Participant: 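If you scroll down you'll find the structure; I have some questions about it.
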Amino acid sequence: MSEYSFLRKVSMTLAIAGAVAVAGPAAAAEWKCYTYQAAPASPVNAGLKKMAEKLKEITNGEVNMTCNVGGSLPIDANSIAPAISDGVLDFGSSSTVSGYVPLASVGILPGMFSSNADYDENGWPFLKPMIEAEFDKRNIKVFGVYHYPPQVILGSKKAPPLNSFSDLKGRTIRVSNPEVAELAKAIGAIPVTLPTPDVSAALQRGTVEYVVTAYAAGGRLWRDFFGSGTQDAVYVTVSYILMNKDRWESLTSEQQSQFQEFVDETRKWIISSQEEDNSVAMNEFQEKDGWVISPANPDSLAQIREIMSPVWDQWAKERGPEAEDILQKLKAHLGHK
């Protein structure tokens, strides 16, 4: 039995036990909140904690939600959304949903959006009804999304600085989702998928030469192993703030409205906090650590779109007619060929 399966069984057992317990003084419902982000001080964990405090406030203490940082529970990043669906977790955020909600990954296809702002203005409003419906089928309420700063390519101290994407040919690069892995393969690079705790050792050994991440995210986390970086965004990260639908429906309409409003405010704070820190981090790494930071290439986005266009079509074909329909509508909406 896997750790996740065991945790799910324990959670269901406790729920049944609670249902048949002898009536007594009302106790606060204990909810679990979880995310993939391992840094306790990160805006993501700080934001989720704020949300937990707000939920306790608007329910007058009837719901006590404990937030756990990534890695503190035996649930990997890919299993967060399924765990919320099953009620093993009550609330949290997840970015790796490609395997669980395949259609949602249309928004993170490299080259589809030019920036976080482009996604927020032209992507999320268009995709929101479809993505919410897909999560709803899985017993999950979606509150919204947040992003990390631009996902660029950072190089280890053992790897040469990059001047263009073509320099990646034959090189190993750590990616965090299948969509970026497809871009890496199309370029001629060797994509490597590793959980966060294993990246440091891989960089140190040289089994991974480059990493797709943000300066304020993996840049800070693996700072000692990097020596270079780029400024060209590879893709737009999308993380979803989620709640088990049964838990959502246990709240009153007024509580739901208040909590949704607070989450909207807080997710914007998460985005802005991380973007501010990203600029600080990049300058710090360049000036204090002596990283070689390549200037942005104005043609990089066009290059990614040219490389990815057939990959987009293959992505949709593998997922069936519904994905093909969504991709074509999204491309038309964005003015892509």
Side-chain angles (χ1 to χ4, degrees), residues 95-135 142 144-153 162-169 173 175-189 191 210 212-214 230-240 267 271 275 278 294-337:
S95 62
T96 51
V97 300
S98 298
Y100 189 59
V101 189
L103 295 183
S105 58
V106 68
I108 62 173
L109 290 170
M112 187 62 68
F113 298 99
S114 61
S115 64
N116 288 349
D118 183 22
Y119 179 90
D120 289 338
E121 181 178 352
N122 300 306
W124 181 241
F126 181 83
L127 295 170
K128 183 174 182 250
M130 178 272 292
I131 290 177
E132 287 182 335
E134 287 298 304
F135 275 102
V142 179
V145 300
Y146 63 85
H147 314 286
Y148 282 93
Q151 298 294 292
V152 298
I153 301 174
L162 298 176
N163 294 310
S164 70
F165 289 119
S166 61
D167 293 342
L168 284 169
K169 187 174 182 179
I173 180 168
V175 299
S176 57
N177 59 60
E179 291 71 30
V180 179
E182 290 301 322
L183 171 62
K185 287 188 284 187
I187 292 171
Y210 300 92
V212 179
T213 186
T230 63
Q231 295 187 59
D232 296 315
V234 175
Y235 76 111
V236 173
T237 61
V238 181
S239 293
Y240 298 94
R267 69 178 181 82
I271 294 171
E275 287 178 345
N278 200 63
S294 303
N297 181 346
D299 299 323
S300 64
L301 181 60
Q303 291 173 2
I304 291 178
R305 285 179 177 163
E306 183 177 359
I307 292 169
M308 287 299 296
S309 184
V311 179
W312 292 346
D313 294 338
Q314 183 61 32
W315 171 91
K317 184 177 180 181
E318 291 173 354
R319 286 159 181 77
E322 189 175 4
E324 291 180 301
D325 180 58
I326 290 169
L327 176 63
Q328 292 308 314
K329 288 179 178 177
L330 179 60
K331 287 167 64 176
H333 174 70
L334 298 173
H336 297 333
K337 295 181 180 179

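No hydrogens, no waters, no symmetry mates; every other heavy atom, side chains included, goes into these values. Computed from a prediction, not measured in an experiment: that's the story for all the values here.
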Participant: Taking atom CD of Q314 as the centre, report whether more than 12 heavy atoms of other residues, nucleotides or ligands fall under 6.0 Å from it.
Facilitator: yes
Participant: Indicate the atoms forming the closest heavy-atom contact of T96 with S176, along with that distance.
Facilitator: CG2-O, 3.8 Å
Participant: Are T237 and S95 close enough that some pair of their side-chain heavy atoms sits under 4.5 Å apart?
Facilitator: no
Participant: Any side-chain heavy atom of V101 sitting closer than 4.5 Å to one from Y240?
Facilitator: no
Participant: Donor-acceptor check, side chain of W312 to backbone of P110, threshold 3.5 angstrom: yes or no?
Facilitator: yes
Participant: Any side-chain heavy atom of H336 sitting closer than 4.5 Å to one from M308?
Facilitator: no
Participant: Less than 3.5 Å apart, any donor N or O on the side chain of Q328 or E324 sitting next to an acceptor on the other?
Facilitator: no
Participant: Can you see which heavy atom on P191 is nearest to which on A189, and at what distance?
Facilitator: CD-O, 3.4 Å
Participant: Using side-chain heavy atoms (C-beta onward) and a distance below 4.5 Å, is N177 in contact with Y235?
Facilitator: yes
Participant: Is a side-chain donor or acceptor of S105 paired with a backbone partner of P102 at a separation under 3.5 angstrom?
Facilitator: yes
Participant: Would you call the rings of Y119 and F113 parallel, tilted or perpendicular if under 30° counts as parallel and over 60° as perpendicular?
Facilitator: perpendicular
Participant: What pair of heavy atoms forms the shortest contact from E132 to V142, and how long is it?
Facilitator: OE2-O, 4.1 Å
Participant: At their closest point, which heavy atom of N116 faces which heavy atom of H147, and how far apart are they?
Facilitator: ND2-CB, 3.5 Å
Participant: A233 and P150: which non-hydrogen atoms are nearest, and at how many Å?
Facilitator: CB-CB, 4.1 Å
Participant: Can you measure from CG (D167) to OG (S294) and round to the nearest 0.5 angstrom?
Facilitator: 8.5 Å
Participant: Output the distance between atom CZ (R319) and atom CG (L103), rounded to the nearest 0.5 Å.
Facilitator: 8.5 Å
Participant: Is there a side-chain contact between I153 and F165 (heavy atoms, below 4.5 Å)?
Facilitator: yes
Participant: How long is the span from the CD1 atom in I304 to the CG atom in L183, to the nearest 0.5 Å?
Facilitator: 6.0 Å
Participant: Look up atom CG in N122 and atom CG in L334, then write down how far apart they are to the nearest 0.5 Å.
Facilitator: 6.0 Å
Participant: Answer yes or no: is there a side-chain heavy-atom contact under 4.5 Å between K185 and E182?
Facilitator: yes
Participant: What is the distance from atom OG of S300 to atom CZ of R305, rounded to the nearest 0.5 Å?
Facilitator: 10.0 Å
Participant: Return the minimal non-hydrogen interatomic distance between G107 and L127, and the atom names on each side.
Facilitator: CA-CD1, 4.1 Å
Participant: With the side chain counted from C-beta on, respond yes when L327 and M112 share a heavy-atom pair under 4.5 Å apart, and no when they do not.
Facilitator: yes
Participant: With a 4.0 Å cut-off, would you call D325 and K329 a salt bridge?
Facilitator: yes
Participant: First locate atom CG of L301, then atom CG of D232, and finally report the distance between them rounded to the nearest 0.5 Å.
Facilitator: 9.0 Å
Participant: Got V106 and M130 here, is their nearest side-chain heavy-atom distance under 4.5 Å?
Facilitator: yes
